[in-house]
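Notes follow once the structure below has been shown.
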Amino acid sequence: MAGSLLAWSAVPGEGGSPASAQAPVSPIFTLEWSAGPLADQGQPIAESSPVVATLDGAGPAVVVGDRSGFLYAYHLDDGSAVAGWPVDDGGVPIDSSPSVQATRGGLDDVYVGAGNAADPGQGGYEAFAASGAPLWFTPVADPASDGQPAAGVQASLTVAGLQGAESVVAGSLDQEQYALDASTGATLPGWPFFTADSVFSTAAVGDLYGTGTADVVEGGDQTAGFALGRHYQQGGHLRILNENGGLICDSPTTQTVDSSPAVGPFLAGGATGIALGTGAFFPGASDTDAVKAFDTDCGPVWSRTLDGATTTSPALADVTGDGSLQVVEGTDTGSGGSVWVLDAKTGATIWQQPVVGRVIGSVVVAGLSGGSSQDVLVPTTAGVEVLDGASGVELTVLSPDLGFQNSPLVTDDPDGAVGITVAGYDGSNQGVIRHYEILGSDGAGAVGPASWPMFHHDPQRTGVTGVAPSQSPCAVPSGAFQGYALAGSDGGVFAFGTPFCGSAGGLALRAPVVGMATAPDRGGYWLAGSDGGVFAYGGAAFYGSMGAVSLARPVVGMAATRDGRGYWLVGADGGVFAFGDAGYFGSASTLHLAAPVVGIAPSVDGAGYWLVGADGGVFAYGDAQYFGSISGHHLRAPIVGVAVDLGTAGYWLVGADGGVFSFGAGFFGSLGVYTLARPVVGMAATTDGSGYWLVGADGGVFSFGDAPFDGSMAQARLAAPARAVAP
């Protein structure tokens, strides 16, 4: 079938025709070695994709898992088994694709998830040394409220530098996502992250914003319901998390997102984009069979509905050889499949090609022929079909007697040739591994920067290609930074570990500044004056103010919506003023208050808020849950601020003496037993809910839990007292 043209088609009106009427010449593929059938009948290699690793002094090897719970390792050059392998994880099925990272003497440790959706009651996160010896096993700890606990980890473990340590991160089939120290398996501070449903998606990890820290991009599934202060709709998610397990942004979808995201500079102007497929769990959902692109604010850029399920993960590569990246996705119709090459900037079809079987695994892209274009390797239930990247013309089908639900592996082999390893199952449902080479080929050129040569791009499974372009720090979502900013009553702003985007310090203000809020998904911040005036800086947009209105009582606080497209102001009488997409859920202005209101904090999903009084009284509106208050108790000092625990959906109150009171939130310490130079005037919580900052009127900053200390103004001579702090 090499060189034949099989039902090539293009979508009318979007362009796309074969680069030439003459079919391209197929490279010559030679089978170098084969392993199997393996002793795993009925539980063969399925969704676990092979990875290249250095495990001994005999050269690179291929590592892959099967559903009988074995990890196999064979040398690339001759197919000999690596000493100490295969390793047995105790019979727990492996559908996760192993990842590797060099640690000891240049040899690779291997990381993998155990357990799958067919057997979710067992499994976890595990690591093996190059010798095959077990290094560590970390189980999934179910939330106490989970009535259907699961232990399996089907997503692959992405290797990345998090919190200054080599780490691995992956979601689980339960409601928790872990980031673990790669050397010990210990959970990193701030993790696990509560996902509220299963995660099949392997995370992409890279520095999206140029902050010098890694960000975690993933898909997720979602059943409708309410948990930890947030309403969830049926469908799925794209999420971006910071390295401390804090949510930077989230975009919901109407269908599950089982696909693993691909990240690279493919949007207009070279901006970083995120491409992913969806799922097929919820019948009739509008996002079914879709490929979607997002920016790094989780904002949708384009969406394309294809001809079948898009649960596979897209590749980002220069398929056509024009110097730009394309999105390449395989589809599964239930009886067959297709490959689509899409313009990454717009989602328009470049070409679409039906293939020889269903596409359940993810395509890979590599330069097999030595030309400017890249070739597409498509795993199907009837072999791995190789397509010419410029035209979509079939070049050959490798191992047509095997079925594949994973991705092939393209390598620069020890002899300098292009190597292709496929790992699938035969007609007896037993695993088989085969290694091919291309005669006279250039292995280094095949896996160059324009390629996507294995599942999720590289042996660490980062899912990232290219270099993120620089961005204005004030246009970066605030959750990407781990610092805080202080605002003085004169409008002066002092930034620590977060960008300075401007201030009102040089303006003649009609009223003092009393509040500050950051724009979580947008970057920048707002200042609010006691007259209701609002000042916007950086990516924070101006949505209105009360500056021209005569107020019954002065404004005392401010809070922003989670998407940064709106905010609330609150007055001392409990009056609430909503702007942008901030919802109005009620106020305390008609109540007879025992003490003035001093602050406002939004609920986790922004569909409600709490007001807090100087006497510790708490008023809950919308979906904000009431966990208690300290009104009626004798306080050493009045309450001056409130903050929300995004990890538990509870809240903290802080007094002017630095005393902290926790309600449905973790307690990490207070200043209540200390004598302070100046009173505390406010508090702010970290994005993962595992810590908080207190700020004094003299600009002093006090950190608790995982909140980092990045500096303060305590030793400076402030022109006006500090009035607010924001993360």
Side-chain angles (χ1 to χ4, degrees), residues 9-14 16 155 197-204 217-224 232-240 249-264 266-268 273-317 319 325-355 358-363 376 378 452 456 463:
S9 64
V11 174
E14 293 189 311
D197 212 317
S198 300
V199 172
F200 294 88
S201 173
T202 295
V217 185
E218 66 174 18
D221 296 355
Q222 190 57 63
T223 304
Y232 293 95
Q233 70 177 39
Q234 176 178 287
H237 300 267
L238 164 72
R239 297 188 190 92
I240 304 179
C249 62
D250 182 349
S251 186
T253 59
T254 62
Q255 183 58 273
T256 58
V257 180
D258 298 329
S259 171
S260 303
V263 177
F266 66 80
L267 296 180
I274 301 163
L276 48 74
T278 54
F281 186 80
F282 296 112
S286 60
D287 285 328
T288 302
D289 300 346
V291 174
K292 305 176 81 67
F294 298 84
D295 61 26
T296 54
D297 295 336
C298 296
V301 177
W302 55 259
S303 181
R304 280 296 311 277
T305 299
L306 306 186
D307 64 343
T310 52
T311 53
T312 66
S313 302
L316 286 177
V319 179
L325 293 174
Q326 290 85 49
V327 174
V328 191
E329 177 73 319
T331 62
D332 176 17
T333 66
S335 59
S338 296
V339 170
W340 296 70
V341 177
L342 306 176
D343 184 307
K345 294 181 177 64
T346 66
T349 301
I350 296 173
W351 58 257
Q352 179 257 332
Q353 171 69 51
V355 292
R358 298 173 62 190
V359 184
I360 300 174
S362 303
V363 300
V376 181
V378 190
W452 193 275
H456 231 218

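- Among residues two or more places apart in sequence or in another chain, the side-chain contact (heavy atoms from CB on, under 4.5 Å) test is passed with Asp295 by Leu267, Asp297, Val301.
- Inter-residue side-chain proximity for Val378 and Val363 is flagged as met; some heavy-atom pair is nearer than 4.5 Å.
- Considering Ser201, Pro314, Ser313 in turn, Ser201 is the only one that fulfils the side chain to side chain contact (heavy atoms under 4.5 Å, CB included) rule with Pro261.
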* Step by step, would you call Val319 with Val376 a side chain to side chain contact (heavy atoms under 4.5 Å, CB included)? -> CA-CA 8 Å; Val319 179; Val376 181; 4.0 Å; yes
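- Proximity of Phe282 to Thr288: side-chain heavy atoms (C-beta onward) are nowhere separated by under 4.5 Å.
- The two residues Gly334 and Arg358 have their closest heavy-atom pair at O-CD, 3.4 Å.
- A side-chain hydrogen bond (donor to acceptor under 3.5 Å, both in side chains) with Thr278 is found for exactly one of Thr254, Thr253, Thr310, namely Thr310.
- A distance of 7.0 Å separates OG of Ser362 from CD of Glu329, quoted to the nearest 0.5 Å.
- The minimum heavy-atom distance linking Ser260 with Thr202 is given by the pair OG-N, 2.8 Å.
- Remark: Lys292 NZ to Leu276 CG distance equals 8.5 Å, nearest 0.5 Å.
- Donor-acceptor pairing under 3.5 Å is recorded for the side chains of Asp307 and Ser338.
- Using a 4.5 Å heavy-atom threshold, the side chains of Asp221 and Asp258 count as touching.
- Within the 4.5 Å cutoff, the side chain of Thr349 has heavy atoms near those of the Leu342 side chain.
- Within the model, atoms CD of Gln352 and CG of Leu306 stand 8.5 Å from one another, a figure rounded to the nearest 0.5 Å.
- Counting heavy atoms from C-beta outward, Ile240 and Ile274 have side chains that approach closer than 4.5 Å.
- In this structure, the side chains of Val327 and Leu316 come closer than 4.5 Å at one or more pairs of heavy atoms.
- Checked by atom type and distance alone, the side chain of Gln255 never pairs as donor or acceptor with a backbone atom of Ser286 at under 3.5 Å.
- Counting heavy atoms from C-beta outward, Asp332 and Thr311 have side chains that stay 4.5 Å or more apart.
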* Asked: Given the rule in the side-chain hydrogen bond (donor to acceptor under 3.5 Å, both in side chains) test, do Thr305 and Asp289 qualify, once you have shown the distances and angles that lead to the verdict?
  -> CA-CA 5 Å; Thr305 299; Asp289 300 346; over 6 Å; no
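- How far CZ of Arg239 is from SG of Cys249: 11.5 Å, rounded to the nearest 0.5 Å.
- With rounding to the nearest 0.5 angstrom, the SG atom of Cys298 is 4.5 Å from the CG atom of Leu238.
- Although no hydrogens or angles enter the test, the distance criterion places a donor-acceptor pair under 3.5 Å between the side chain of Trp302 and the main chain of Ala344.
- For the pair Ser259 (side chain) and Thr312 (backbone), a donor-acceptor distance under 3.5 Å is present.
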